[in-house]
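Heads up, the thing below is written out as structure tokens.
Chain letters run A, B, ... following the sequence lines, proteins first and then strands; every chain starts at 1. Please read these numbers as outputs of a predicted model, since none were measured by experiment.
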2 protein chains.
Amino acid sequence: MSDILNKEILDYLYKLFTIEDDILTEMEIYGRKKDFPIIDKYSGKLLHVLTQIKNPELIVELGSGFGYSAYFFAKGLKRGRVVLIDYQEKNIEMARYFFRKGNILEKAEFRVGDALKVATEYENIDILFLDLEKVRYLEAIRSLERNLSEDALIIADNVLWHGNILSKSDRKAEKLRTFNRFMSEKYVSVIIPVGDGLLISVRNCSI
Amino acid sequence: MSDILNKEILDYLYKLFTIEDDILTEMEIYGRKKDFPIIDKYSGKLLHVLTQIKNPELIVELGSGFGYSAYFFAKGLKRGRVVLIDYQEKNIEMARYFFRKGNILEKAEFRVGDALKVATEYENIDILFLDLEKVRYLEAIRSLERNLSEDALIIADNVLWHGNILSKSDRKAEKLRTFNRFMSEKYVSVIIPVGDGLLISVRNCSI
């Protein structure tokens, strides 16, 4: 697995499968200017592809920031909507701005508040996306299980923690290891080694 | 992307997300004994997860060998079936043996012949899996497009060609580069850098 990845091949992949979109570019510039972390663009493309495979009615994001990942989801929707949740009103306002400019406002719902609390208002979530504080991932999936649809897809970003997932001294790494183990036992899961590591789990199925 | 992958983390991933299944183990031993190449086990797990996300009625495999990848597909099916095609009767016989032993015979259809020719007999293919001779990938997708369902998923193995995809002197690498470019332009595609590189493409959708 590792020996197929080198700088040249990564460049090849990023170039070949990029998404050209002015709004995404504007968001990337905004993120850099504000020093606001956003999902790796290749991971974003994967969110987009997974949305098209799944064809969901309802996507709920925990920790949307200014809407970069939600934009990939929204663009992949053939129906339904994505709910963006962030505790900062300013972030959600920016997300609304970008979605309006991208002409996809009708595909989104914008919420300000504690992501876990707000998310419990929704039922039959087809895709749940975790990108809130890493120490809260396990709490999030535990408290929201009953809000998921029967065959829901759960996606979590940063699960390889910049390559530090095995660090013994990093508290967040430890929390993420516990989360990854939980997900591997409870769902059919796999981690895609792109960006910071993207966990994909399917509910209610087993080999 | 690359700096999150090292030997330790790969071991962590393979261990955490492995599938324990006696038949799979038996198939792996058989493959080694016969020096018959099979898909990377982590890639197999990904086929399994994608099947559960997609919930297809019909999966058609081009180049099934003795059924190792088909086994991951079949185990992910909630309905429908996977069609295995291989030009060697002996391989298909072995596949039937393993599927019978795994109690999933009713989820599969076994065909001997030229994969491209046999596959044209099927319509509304929900997942098309390419694992035949690499120089035929492009011909395969071109001739089978009309047999795909509207929102079909196309998956192709070995698209990073053991890390030699950028080699200028390798004819197969060149053919695969042409195929990858075609897929990136015609479908919404992404290559997952696991195993030998797994291409995932969705039909009839665009950002």
- Message: Can you confirm whether A:Glu8 is buried at CD, in the sense that more than 12 heavy atoms of other residues, nucleotides or ligands lie under 6.0 Å from that atom?
- Response: no
- Item | Gap between atom CZ of B:Phe17 and atom CG of A:Leu199 - 0.5 Å precision | 5.0 Å
- Task: Taking B:Tyr42 for its side chain and A:Val190 for its backbone only, find out whether a donor-acceptor pair lies under 3.5 Å.
- Result: no
- Residue among B:Val188, B:Asp151, B:Leu153 satisfying side-chain contact (heavy atoms from CB on, under 4.5 Å) with A:Ile53: B:Leu153
- Query: Quick check: are there more than 12 heavy atoms from other residues, nucleotides or ligands sitting under 6.0 Å from CD of B:Glu106?
  - Reply: yes
- Around atom NZ of B:Lys41, are there more than 12 heavy atoms of other residues, nucleotides or ligands at under 6.0 Å? yes
- Assert top hit (heavy-atom pairs under 4.5 Å, partner chain A, pool B:Ile165, B:Thr18, B:Leu50, B:Asn164) equals B:Ile165
- Interface moiety of A:Asn55 toward chain B, non-hydrogen atoms closer than 4.5 Å: neither
- Note on the structure: Rounded to the nearest 0.5 angstrom, the NZ-CD1 distance for B:Lys45 and A:Ile191 is 10.0 Å
- Task: State, with a plain yes or no, whether a side-chain heavy atom of A:Ile192 is found less than 4.5 Å away from one of B:Val194.
- Result: no
- Message: Around atom CZ of A:Arg79, are there more than 12 heavy atoms from other residues, nucleotides or ligands closer than 6.0 Å?
- Response: yes
- Message: What part of A:Ile104 gets within 4.5 angstrom of chain B, counting heavy atoms only: side chain, backbone, both, or neither?
- Response: neither
- Query: Can you tell me how far the CZ atom of A:Arg203 sits from the CD atom of B:Gln52, to the nearest 0.5 Å?
  - Reply: 13.5 Å
